[in-house]
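A short write-up of the structure that comes next.
For reference, positions follow the sequence shown, starting with 1. From a predicted model like this one, the values you see are computed outputs, not experimental measurements. Both ligands and their constituent atoms are indexed starting at 1 by order of listing.
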Amino acid sequence: MEREMEWWISMPKVELHAHLNGSIRDSTLLELAKALGEKGVILFSDVEHVIRKNDRSLNEVFKLFDLIHIITTDHTTVTRITKEVVEDFASENVIYLELRTTPKRNESIGMSKRSYMEAVVKGLRAVDAVDVNFAPHYLGEGNDICNGTTKKKIFVRLLLSIDRRETTADAMETVKLALEMRDQGVVGIDLSGNPTVGDWMTFLPALKFAREQGLSITLHCGEVEICLTSNIRTGSISSLDVHHFGDLYHAKHPLILCTDDSGIFSTSLSGEYILAASSFGLGKKEMLELGRNAIEFIFADDEIKRELREAFDSAAGTLEL
Ligand code: IMP
């Protein structure tokens, strides 16, 4: 059983749909909530069971996000959770991560959308367990090319999310920020948030502008990124037997397995691969191929695609299939 788990962890993986504040370790979230409880900002006993609860409806998930944002939205914490989230993905052999997050303003602590994002980038720079390549031509300290160590390497690119509760002006501010931060690993814009809130037309001007300026765009709207556990937990699909993964896979439609919110849904990308393999009767060879196909849909450049293909090909030669 353990050897089996090790196999899935050692398989290289590409994660294209992960929300920063949805991917926080439970232990970190509880620790931060406790600290805020001690400061009297929140009542820990009120939030503990909300954090620990596993089965949540879609609306409860978005209520939990509001709570998480109260707990995490200060610069030091944003830096910490970014570092931990990247380390967690790298520890299960995610070799390319597109991490999305909603830049937030919190005037009471002097936080602007820009300073929020600077705290995220600081978190990327702070990772030391693994070499992080987050910006074009970036050679991090301790990068294996520089010092000859054999540390694992992860490519990280950022997507700035527009929350469906935001205004047209907010959305435009996020797109302008993304453009200014292109040299710090920002490659695109995401539209996310509670699907029952807001109107597409509010965001159209900002999304059009983003596209005209060459940013990639991803929308929460029937996307082909498949997050099995998230779909089940939020009740958007009643059971895996009727999940559209099977039909799309057999029709050879492009599919990418992702976590969505590994913290909120207590999952991991390796776990999602195991779940897909067992639910849809797929073998390791097919799963490795499925993972490799994700490379074709990343927002980073061709040089990175080439490196990722090499990593998968080398794994195909060494992993027992
Ligand atoms: P953040 O952008 O880093 O704060 O990550 C949490 C945010 O991502 C939430 O507040 C939502 O706006 C968005 N999000 C996370 N999961 C989902 C989802 O399943 N559907 C739509 N939006 C989501």
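For His220 and His19, the ring centers sit closer than 6.0 Å to each other. For Phe280 and Phe245, the ring centers sit closer than 6.0 Å to each other.
Counting the atoms of ligand 1 from 1 in the order shown, those under 4.0 Å from a heavy atom of Asn21 are 1 (P), 3 (O), 4 (O), 5 (O), 6 (C). Proximity to Asp261 (heavy-atom distance under 4.0 Å) selects the following atoms of ligand 1: 15 (C), 16 (N), 17 (C). Contact atoms of ligand 1 toward Asp163: 12 (O) (distance under 4.0 Å to a heavy atom of the residue). Atoms of ligand 1 found under 4.0 Å from any heavy atom of Leu20, numbered from 1 in the order shown, are 3 (O).
A salt bridge does not link Asp170 with Arg165: every distance from a Lys NZ or Arg NE/NH1/NH2 to an Asp or Glu carboxylate oxygen is 4.0 Å or more. Residues Lys152 and Glu87 are not paired through a salt bridge, judged by the lack of any N-O separation under 4.0 Å between the basic side chain and the carboxylate. Between Glu31 and Lys34 there is no salt bridge, since no side-chain nitrogen of the basic residue lies less than 4.0 Å from a carboxylate oxygen of the acidic one. Using a cut-off of 4.0 Å between Lys/Arg side-chain N and Asp/Glu carboxylate O, Arg100 and Glu225 are scored as salt-bridged.
The nearest protein atom to atom 19 (O) of ligand 1, hydrogens excluded, is given as Asp260 OD2, 3.0 Å; this is a heavy-atom distance. Of the protein's heavy atoms, Thr102 OG1, 2.5 Å lies nearest to atom 2 (O) of ligand 1. At the shortest separation from atom 20 (N) of ligand 1 among protein heavy atoms lies His220 CD2, 3.4 Å. Of the protein's non-hydrogen atoms, His69 CE1, 3.1 Å is the one closest to atom 10 (O) of ligand 1. Nearest protein neighbour of atom 22 (N) of ligand 1, counting heavy atoms only, is Gly193 N, 2.9 Å.
Checking only distances, His19 does come within under 3.5 Å of ligand 1, N or O to N or O. Backbone and side-chain nitrogen or oxygen atoms of Ser161 are examined, and none is located within less than 3.5 angstrom of a nitrogen or oxygen of ligand 1. The distance criterion of under 3.5 Å between nitrogen or oxygen atoms is not met by Ser230 with respect to ligand 1.
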message: Let's go through Asp163 and Thr102 carefully: what are the C-alpha distance in whole Å and the side-chain angles of both, what is the deciding distance for side chain to side chain donor-acceptor pair (under 3.5 Å) to 0.1 Å, and is it a yes or a no?
response: CA-CA 7 Å; Asp163 186 319; Thr102 321; 5.2 Å; no

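Counting heavy atoms under 4.0 Å from ligand 1, residue Ile68 does not touch it at all. Of all the heavy atoms of Thr101, the ones lying under 4.0 Å from any atom of ligand 1 are found in both the backbone and the side chain.
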